[in-house]
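Predicted model only: the values in this text are computed from it and were never measured. Chain A is the first sequence line, chain B the second, and so forth, proteins listed ahead of strands; every chain is numbered from 1.
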Amino acid sequence: MVDLSDGRRRLFRRSKAPFPEREGAGFHLSLLQTSCCQLVSIMASRRALKAVLIDLSGTLHVEDTAVPGAQEALRRLRQASVAVKFVTNTTKECKRDLVERLRRLDFDVQEREIFSSLSAARSLLEQQQQRPLLLLEESALEDFSGVDTSEPNAVVVGLAPDHFNYQTLNEAFRLILDGAPLIAIHKGRYYRRKDGLALGPGPFVTGLEYAADCRATVVGKPEKTFFTQALSDLGCSPSEAVMIGDDVRDDVGGAQDAGMLGILVRTGKYRKGDEAKIAPPPHLTCPSFPEAVEHILKNLLLVE
Amino acid sequence: MAAKGWPVCSKSLKGVILDLCGVLYDCGEGGGVAISGSVEALKKLKASDLKLRFCTNESQEARATFVAKLQRLGFDISVSEVFSPAPAAVAALQQRGLRPHLLVCDGLLSEFDSVDKTNPNCVLIGDAAEKFSYQNLNKAFRILENLENPLLLSLGQGKYYKETDGLSLDVGAYMKALEYACDVKAEVFGKPSSLFFQSVLNDMGLQPHEVLMIGDDLVNDVGGAQQCGIKGVQVRTGKYRPSDETHQTVTADGTVDDLAQAVDMILSHRQ
């Protein structure tokens with residue numbers, strides 16, 4: 001039995017499919033409570049699901065192992081009339097690296113279908129026509145190829161241990177004092193390396209914020225603009241999209257705050273009780289990606 | 001301004017506390033340069049009947065080193081007149097049985113000669129400048145993460161200061177970075193801590209209202225002094241920025257162009 005949330009009911013109300021919800025007795029009861037007149041208006045306002053956003057690490061794969069059945073589930077999803085995009089918070093992997101890893105795991109993914117926090121930073125820079133100082137690792141720079149970085153008037157901070165030193169941080173600081181916006185790929189405190197915990201971008205962003213008396217613009221999940229940007233070239237609104245991920249706040253909470261439905265999978269970083277950490281709760285919490293796809297195909301799409 | 005406000009308050013003053021970097025000189029490569037008129041202004045102050053102390057958050061070098069540097073720039077100053085965070089921190093470390101991991105400049109290490117640094121149970125950071133590398137910050141972070149009660153001590157919390165080639169991040173930025181990473185609040189020695197200003201007042205044997213602080217840092221010099229009841233005047237040298245004059249939380253008792261102007265105003269009101 002799936003758990004229904006307000007989000008789910010919202011979509012259901014918009015649905016003009018005669019039987020959008022099939023399992024469980026709840027549906028039949030609610031159908032009986034719905035008068036014919038109401039049903040007609042539901043049918044008239046139906047907007048079908050147009051896009052599915054999918055998180056990568058922890059959702060499609062955990063480190064170098066694919067989630068069982070995920071490749072097949074993705075193939076099934078692609079056969080439905082719905083756009084698919086892969087969204088991820090990364091500070092060091094360019095799209096090409098991400099695609100290579102997914103293909104090694106036998107996922108059918110194109111580079112143009114990936115929207116990462118690096119893509120979001122690039123969109124923001126292009127929108128505001130800014131020339132960034134990029135505190136990013138070599139591997140991430142590929143996603144910024146062609147961006148003018150001469151005489152920088154913006155600062156982008158990702159995870160860049162090679163750049164987190166006194167000289168470079170002073171350079172960034174001076175630009176910010178001169179009015180350059182501070183853009184953070186994310187504000188993670190630390191991450192795990194083979195040799196132990198290591199400082200993430202967050203501490204350095206926080207130090208710059210303090211010294212320059214400014215607030216960074218964070219571009220990755222769970223920011224609302226991240227999700228709307230990811231959908232922008234699909235020509236669909238948040239209410240026509242669903243997000244699948246293993247991070248209850250960054251994936252599900254962020255997507256639902258942006259007006260999408262969010263499906264939480266119990267893989268990757270999921271911990272027991274995560275679904276209770278956001279309000280409203282996830283539209284659906286399910287064991288893993290294949291079940292999420294199954295739910296979408298069965299309940300959120302028009303049956304031809 | 002009230003009758004006792006700046007600069008009228010100069011009449012009843014008994015002592016003056018001066019900040020160093022940004023007031024007497026601009027620090028930087030090769031020992032820095034004296035700010036125009038400040039050598040002369042210090043001479044005039046010394047010749048007056050006002051008690052004088054120097055209160056700095058300098059944490060790159062031991063007192064003896066930077067005092068010698070100031071003497072070479074022509075300033076009449078001695079170590080016994082200077083209050084800096086490191087000695088205050090050393091006293092606290094010894095009193096509380098704390099063994100610090102130090103992230104400070106090599107030049108400051110001699111201040112900690114008497115302190116046990118084996119098997120650290122806290123991290124102490126100063127303005128480590130070039131030593132603020134990712135590796136060194138990570139090391140400090142891991143030590144804090146491994147402590148049951150992470151304790152971070154900081155020599156000052158300044159945001160930035162002016163070097164001859166531009167503004168540079170001060171220890172405060174790195175203190176905030178470690179605070180954020182470990183979810184702790186640092187204990188700060190030096191300005192703007194009231195304890196620090198109080199120790200200077202005790203040494204002078206004066207009451208707060210009898211003393212004036214002159215500095216270039218609105219929050220740490222002026223704001224810190226004001227919290228102890230000491231009047232604070234900001235100079236438009238060093239790290240001063242025009243936006244300081246419309247700051248949201250701290251309003252200086254007075255703002256002057258430089259130390260020379262401040263000293264002339266003080267002394268003219270005392271004649």
- For B:Gln157, is it the side chain, the backbone, both, or neither that has a heavy atom closer than 4.5 Å to a heavy atom of chain A? both
- Between the side chain of B:Tyr160 and the main-chain N/O of A:Asn170, is any donor-acceptor distance below 3.5 Å? no
- Message: So for B:Ser133, is it side chain, backbone, both, or neither that comes closer than 4.5 Å to the heavy atoms of chain A?
- Response: backbone
- Task: Could you tell me whether the side chain of A:Pro203 reaches within less than 4.5 Å of the side chain of B:Glu179, counting heavy atoms only?
- Result: no
- Item | Residue B:Asp165 versus chain A: region with a heavy atom under 4.5 Å | both
- Using non-hydrogen atoms only, which part of B:Glu145 is less than 4.5 Å away from chain A: side chain, backbone, both, or neither? side chain
- Item | Donor-acceptor contact below 3.5 Å, side chain A:Arg189 vs main chain B:Tyr180 | yes
- Message: I'd like to check A:Arg193 versus B:Asn138 (side-chain heavy atoms, cut-off strictly below 4.5 Å). Are they in contact?
- Response: yes
- Query: For the candidates B:Gly172, B:Ala128, B:Ala181, which exhibits the highest count of non-hydrogen atom pairs separated by less than 4.5 Å from chain A?
  - Reply: B:Ala181
- Item | Nearest heavy-atom neighbours spanning B:Lys159 and A:Asp213 | NZ-OD2, 3.3 Å
- Item | Contacting moiety of A:Gln167, where chain B heavy atoms sit under 4.5 Å | side chain
- Item | B:Leu137 vs A:Phe204 side-chain heavy atoms within contact, under 4.5 Å | yes
- Partners of B:Glu187 by side chain to side chain donor-acceptor pair (under 3.5 Å), sequence neighbours excluded? B:Arg96
